[in-house]
Asker: 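Before we start, here is the structure in question, set down as structure tokens.
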Amino acid sequence: MTRAVNNESVQVIVRCRPISEKELDAECTQVVNVFPKRGVIEVENPKAKGDNEKNKIFTYDGVYDWNSTQQSIYDETVRPLVASVLEGYNGCVFAYGQTGTGKTFTMEGEDDDENRGIIPRAFEQIWSHINRTTGVEFLVSVRYLEIYMEEIRDLLKAKNTKPLELREMAGQGVFVSHLHSQTCQSSADMIRAMKIGNHNRTTGATNMNEHSSRSHAIFQISIEMAETEKKSVKMGKLNLVDLAGSERQSKTGATGERLKEASKINKALSSLGNVIYALAENSAHIPYRDSKLTRLLQDSLGGNSKTIMIANIGPASMNYDETIITLRYAYRAKSIKNQPIKNEDVKDAKLTELQQEIERLRQLIMQKSNGKFNPDDLNGEIDDLEAESSDTEGEDDDEKQKEKKEKEKQLELSKMEIDELGKKLRGLEKQMVHGGKNIIDSVNENEIRLEQQRAEIAARKKREIEMQQQLELEEESCLELKQVFANLQQEVEFKREKLKRLHTKLQSIRQEIKDNHVEYLKERQELADSNDEAAMYVLPPYFSNILDITNIITW
Ligand SMILES: Nc1ncnc2c1ncn2[C@@H]1O[C@H](COP(=O)(O)OP(=O)(O)OP(=O)(O)O)[C@@H](O)[C@H]1O
């Protein structure tokens with residue numbers, strides 16, 4: 001593995017879906033405003049009493065409104081990450097948000113070309129790269145799992161009903177043992193695997209979403225790459241995560257099984273929140289071990305990975321509280337720092353094992369074809385015996401016939417053995433993909449140029465947002481420096497205005513803390529209602545911290 005360590009923040013993107021028919025029928029108003037050029041989301045509080053309760057403003061690496069396309073989100077956020085995975089980095093994209101806000105729409109999307117989501121678009125990018133990269137051998141495999149009611153299930157082998165276990169090994173991190181790994185030779189193979197897994201995933205109808213995902217799903221892609229000239233193998237791993245939606249029992253009206261599911265979903269998401277909080281606060285202890293979800297995402301949050309969090313929200317007034325919770329979560333995740341390292345010179349690469357086994361089989365076939373029992377020699381010997389037998393009679397002839405039969409048997413066995421080895425060899429060779437299947441013609445060249453242009457536009461857009469945010473930050477301090485006061489009265493006036501602005505800011509921070517506290521009480525009540533004793537008595541560090549702050553500040 002290479003050693004150049006880079007600290008890199010988790011990239012946080014917010015996407016707001018269109019208002020739904022149901023929300024319009026319920027006469028909800030639209031309370032979310034999206035400012036893509038500034039990376040800003042503004043949410044109006046429909047129940048606001050005073051000014052400091054009114055609008056909440058959050059800033060992110062990118063924001064997308066209801067008109068945004070699947071293509072723009074992919075090109076501007078995910079495409080550069082997948083390109084890094086193809087260079088040997090680990091990458092992770094995870095969609096987080098309230099139930100029914102578009103996580104599955106964003107990750108999987110729909111079948112038509114325009115609405116395909118991140119996962120199938122990533123397949124396409126990976127295979128178009130492989131098909132135009134000459135001189136490299138690839139071994140590509142996928143795994144697909146879900147965490148349902150805190151149990152891990154294999155979505156590609158649904159008949160294996162036994163829950164799978166998590167293991168941890170030095171150098172390999174946390175992984176799921178006995179999870180089926182399927183090698184792929186094309187984008188179509190990956191689509192097939194995704195569809196099989198989606199079919200096996202646990203879904204159900206809730207008040208909030210007719211096709212609600214009731215589990216956290218992780219689609220894992222591993223790409224091993226070996227340049228023909230070099231002996232070393234690089235490996236990129238991509239985790240594509242569609243989390244189950246957070247939800248309020250009071251809103252979903254869940255009872256029975258649905259309630260039990262909801263309580264497990266909320267508990268795992270609460271552990272995720274605690275991990276994000278601890279990382280953002282640089283805590284000494286990060287509670288990864290509190291849930292299977294956080295253990296599996298350990299590398300993606302605070303570890304060796306380039307990570308994008310997509311926070312999905314809805315625009316309607318009825319979901320104001322949930323929207324704010326998601327935005328706070330997402331805001332906190334921005335300060336998580338990862339240390340992505342290129343996985344080069346991978347020691348236990350499957351590709352190396354495969355190449356060695358292929359070479360061994362080739363040698364074996366060659367030996368068998370040229371050795372004592374080689375089919376050509378045996379054929380010749382049989383022909384000689386045939387000729388000799390026609391010249392002899394009696395016992396001699398019987399002897400020749402016996403010998404001939406023996407040789408025929410050996411010939412058959414030898415052919416069978418070589419056939420068998422050949423079949424095995426072809427099976428192994430098929431698992432590997434030789435890059436550069438597509439000749440670089442004008443169509444391909446255009447495609448490459450188009451991709452480069454998209455990448456440049458995306459990078460420019462990102463830079464513009466960053467610059468705009470920097471500008472807004474600096475504006476306030478510069479204003480004071482630039483100001484020339486004609487007299488003392490003017491200076492006093494200016495400073496009074498500034499004090500007023502700071503006071504409003506302070507009020508809104510106090511309000512934020514108060515809201516967090518109310519939120520905590522609500523959530524605790526819901527956990528208590530769902531009879532989850534463990535969750536009821538263990539106070540998450542995030543909330544206990546809020547209580548501390550609440551006690552310090554006098555209202
Ligand atoms: N950006 C969007 N544009 C158009 N329709 C959308 C968009 N986002 C979501 N939808 C629609 O909203 C509905 C709910 O979306 P989806 O099932 O993806 O939500 P979810 O967050 O995955 O929910 P859950 O957590 O319950 O699984 C779907 O009918 C989906 O097609």
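Residue numbers run from 1 in the order of the sequence given. Order of appearance sets the numbers: ligands from 1, and atoms from 1 within every ligand. The figures here come from the full heavy-atom set of this structure, side chains too, leaving out hydrogens, waters and symmetry mates.
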Asker: Which option, T99, L243, T104, owns the non-hydrogen atom nearest atom 22 (O) of ligand 1?
Answerer: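 Minimum heavy-atom distance to atom 22 (O) of ligand 1 goes to T104.
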Asker: At less than 4.0 angstrom from any non-hydrogen atom of R15, what atoms of ligand 1 do you find?
Answerer: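 Every atom of ligand 1 under 4.0 Å from some heavy atom of R15: 1 (N).
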Asker: I want to check a possible cation-pi pair here: R328 against Y331, using under 6.0 Å from ring centre and within 45° of the ring axis as the test.
Answerer: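 Pair R328/Y331 does not count as cation-pi.
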Asker: For ligand 1, which atoms have a heavy atom of G245 less than 4.0 angstrom away?
Answerer: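 Here the atoms of ligand 1 in question are 25 (O).
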Asker: Identify the residue among R214, R201, E261, K264 that makes a side-chain hydrogen bond (donor to acceptor under 3.5 Å, both in side chains) with Y148.
Answerer: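 It is E261, the one option of R214, R201, E261, K264 that forms the side-chain hydrogen bond (donor to acceptor under 3.5 Å, both in side chains) with Y148.
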Asker: Taking all non-hydrogen atoms of both residues, which atom of A122 and which atom of Y74 are closest, and how far apart?
Answerer: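 Heavy-atom minimum between the residues: CA-OH, 3.1 Å.
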Asker: Would F105 count as being in polar contact with ligand 1, using the rule that some N or O on each side must be under 3.5 angstrom apart?
Answerer: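 Between F105 and ligand 1 (N or O atoms, distance only) the closest approach is under 3.5 Å.
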Asker: If we ignore hydrogens and angles and just use 3.5 Å, is the side chain of N90 paired with the main-chain N or O of N304 as donor and acceptor?
Answerer: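 Yes: the side chain of N90 pairs with the backbone of N304.
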Asker: Which atoms of ligand 1 are found less than 4.0 Å from any heavy atom of E110?
Answerer: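 With E110 as reference, the close atoms of ligand 1 come out as 31 (O).
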Asker: Under 4.0 angstrom from ligand 1, any heavy atom of N312?
Answerer: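 Checking ligand 1 against N312, which is what was asked, there is no heavy-atom contact under 4.0 Å.
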Asker: Where the closest heavy atom to atom 14 (C) of ligand 1 is concerned, which of G100, G117, A95, S20 has it?
Answerer: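 Result: the heavy atom closest to atom 14 (C) of ligand 1 is in G100.
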Asker: List ligand 1 atoms under 4.0 Å from K103, heavy atoms only on the residue side.
Answerer: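 Checking each atom against K103, I get 18 (O), 19 (O), 20 (P), 21 (O), 22 (O), 23 (O), 24 (P), 25 (O).
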Asker: Is it true that M107 lies under 4.0 Å from ligand 1, counting heavy atoms only?
Answerer: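 No.
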Asker: Where does P18 meet ligand 1, judged by heavy-atom distances below 4.0 Å: at the side chain, the backbone, both, or neither?
Answerer: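 The part of P18 near ligand 1 is the side chain, not the backbone.
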Asker: Which residues satisfy the ring pair (Phe, Tyr, Trp, His ring centres under 6.0 Å) test with Y144, sequence neighbours excluded?
Answerer: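 Scan of Y144 (ring pair (Phe, Tyr, Trp, His ring centres under 6.0 Å), adjacent residues dropped) gives F219.
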Asker: Would you please name every residue forming a side-chain hydrogen bond (donor to acceptor under 3.5 Å, both in side chains) with S305, sequence neighbours left out?
Answerer: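 Residues passing side-chain hydrogen bond (donor to acceptor under 3.5 Å, both in side chains) with S305: T307.
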Asker: Would K306 and E8 count as a salt bridge (charged side-chain N to carboxylate O under 4.0 Å, His left out) if you check the C-alpha gap in whole Å, the side-chain angles of each, and the deciding distance to 0.1 Å?
Answerer: CA-CA 7 Å; K306 290 176 179 258; E8 196 176 297; 3.1 Å; yes
Asker: Take D154 and K162 through the salt bridge (charged side-chain N to carboxylate O under 4.0 Å, His left out) test and state the conclusion after the steps.
Answerer: CA-CA 9 Å; D154 195 333; K162 237 173 94 186; over 6 Å; no
Asker: Number the atoms of ligand 1 from 1 as they appear, then name those within less than 4.0 Å of a heavy atom of R17, with their elements.
Answerer: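 Listed by number with element: 7 (C), 8 (N), 9 (C).
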